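To keep things clear, I will list the structure first and then write my remarks on it.
As the structure is a prediction and not an experimental result, all values here were calculated from the model.
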Amino acid sequence: MTLDLRPAGSAALLATFDTLDAVTAFRAGITERPPGVTEVVSGARTLLFRYDPTHTDATRLRADLARVTPTAEAEAAAAAAAAATTTSTTTDAHVTIPVTYDGDDLTAAADLAGMTPAALVAWHTGQVWTSAFCGFAPGFSYLTGTASSLDLPRRSTSRTAVPSGAVALAGEFSAVYPRTSPGGWQLIGRTDVPMWSLDRDPPALAPAGTRIRFVDTSSA
């Protein structure tokens, strides 16, 4: 395949893609980090590859990346679902996040999607989500699902303080707020699982590429 690769400083290459799905598929196709690459940073349409010049160079890295075969998101998600269980907090296939679905916007979001709140919860829990990229705040992961997107709009008025642990939807994404902060996403639930902790390595629970399943514990 032909990649749109450009230098980004003296020790990095930036790959640009047409869609977020293409970014996710290419990253999923990297089964082993290319020699010399120290960090891969995902964006909505880009992947940044930082490398150690003592172990590789731009020419060799270009050749290594040209050999990557993108993995279709649906195929990767199916493999994760087949290997996963929902009884543990973490498996080597995915992270499981328990959610109490009582968000302030659950009913409104369901109405916008043309379904009942119960159907919206079933849609949210019935698919594998992938952290496409991180931003906005430390630990805030933009998650894309394997089911058809509901493309829900943001709230017309943002909240000045969304509580830490709020589970939310906006556009094609779902997310969990890692800390109390302003926000305009539709709040559908809450979790006690910390998305960012300096006691972990890495601190982010869901860096780009992480697969997630949400589990309904509303009646637990």
Side-chain angles (χ1 to χ4, degrees), residues 1-73 75-77 79-80 83-84 89-97 128-146 164 171-179 181 193-213:
M1 64 174 298
T2 301
L3 278 177
D4 181 2
L5 281 169
R6 304 178 186 183
S10 60
L13 290 177
L14 183 70
T16 303
F17 300 84
D18 292 333
T19 66
L20 177 58
D21 285 345
V23 174
T24 304
F26 190 87
R27 179 156 190 154
I30 302 174
T31 55
E32 293 185 7
R33 185 176 291 183
V37 172
T38 58
E39 186 179 19
V40 182
V41 182
S42 291
R45 297 290 185 274
T46 60
L47 284 172
L48 178 70
F49 297 90
R50 293 195 176 103
Y51 61 87
D52 182 347
T54 65
H55 289 83
T56 191
D57 56 37
T59 300
R60 281 183 286 179
L61 181 53
R62 286 176 184 273
D64 289 337
L65 294 176
R67 288 191 287 269
V68 173
T69 300
T71 301
E73 177 64 16
E75 295 174 358
T89 299
T90 306
T91 73
D92 52 10
H94 71 253
V95 174
T96 298
I97 297 180
V128 176
W129 295 85
T130 299
S131 175
F133 58 97
C134 301
F136 172 62
F140 191 99
S141 300
Y142 289 79
L143 309 176
T144 57
T146 51
S164 173
E172 63 187 294
F173 301 109
S174 185
V176 180
Y177 281 77
R179 64 184 184 189
S181 60
V193 175
M195 300 301 291
W196 178 265
S197 173
L198 294 178
D199 294 329
R200 279 196 305 252
D201 184 19
L205 180 67
T210 304
R211 304 193 184 280
I212 289 174
R213 272 200 182 271

Under the side-chain contact (heavy atoms from CB on, under 4.5 Å) rule, what do Thr210 and Val95 come out as? Steps first, then yes or no, please. CA-CA 7 Å; Thr210 304; Val95 174; 3.9 Å; yes
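- In this structure, Ser141 contributes its side chain and Ala206 its backbone to a donor-acceptor pair below 3.5 Å.
- The CG atom of Leu61 lies 12.0 Å from the CG atom of Asp52; values are rounded to the nearest 0.5 Å.
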Tabulate below the donor-acceptor pairs under 3.5 Å that side-chain atoms of residues 3-16 make, not counting sequence neighbours, or state none.
unit_1	atom_1	unit_2	atom_2	d
Asp4	OD1	Arg6	NE	3.1

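- Side-chain contact annotation: Asp21 with Thr19, donor-acceptor N/O pair under 3.5 Å absent.
- Going from atom CZ of Arg33 over to atom CZ of Phe49 covers 9.5 Å, rounded to the nearest 0.5 Å.
- Residues passing the ring pair (Phe, Tyr, Trp, His ring centres under 6.0 Å) test with Phe140, sequence neighbours excluded: Phe136, Tyr142, Tyr177, Trp185.
- Note: Ile212 CD1 to Leu143 CG = 4.5 Å, rounded to the nearest 0.5 Å.
- Taken from CZ in Phe133 to OG1 in Thr46, the straight-line distance is 9.0 Å, to the nearest 0.5 Å.
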Worked check of side chain to side chain donor-acceptor pair (under 3.5 Å) between Thr130 and Arg211: CA-CA 4 Å; Thr130 299; Arg211 304 193 184 280; 2.7 Å; yes
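- One distance of note links CG of Leu47 with CZ of Phe17; it measures 4.5 Å at 0.5 Å rounding.
- If you take CG on Leu65 and CD1 on Ile30, they are separated by 6.5 Å, rounding to the nearest 0.5 Å.
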Output a table of donor-acceptor pairs, distance under 3.5 Å, between side-chain atoms of residues 37-44 and any protein atom two or more places apart or on a different chain; print 'none' if there are none.
unit_1	atom_1	unit_2	atom_2	d
Thr38	OG1	Arg50	O	3.3
Glu39	OE1	Arg50	NH1	2.5
Ser42	OG	Arg27	NH1	2.8

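- Side-chain atoms of Ser164 and Arg179 form no donor-acceptor pair, as typed in the model, at a separation below 3.5 Å.
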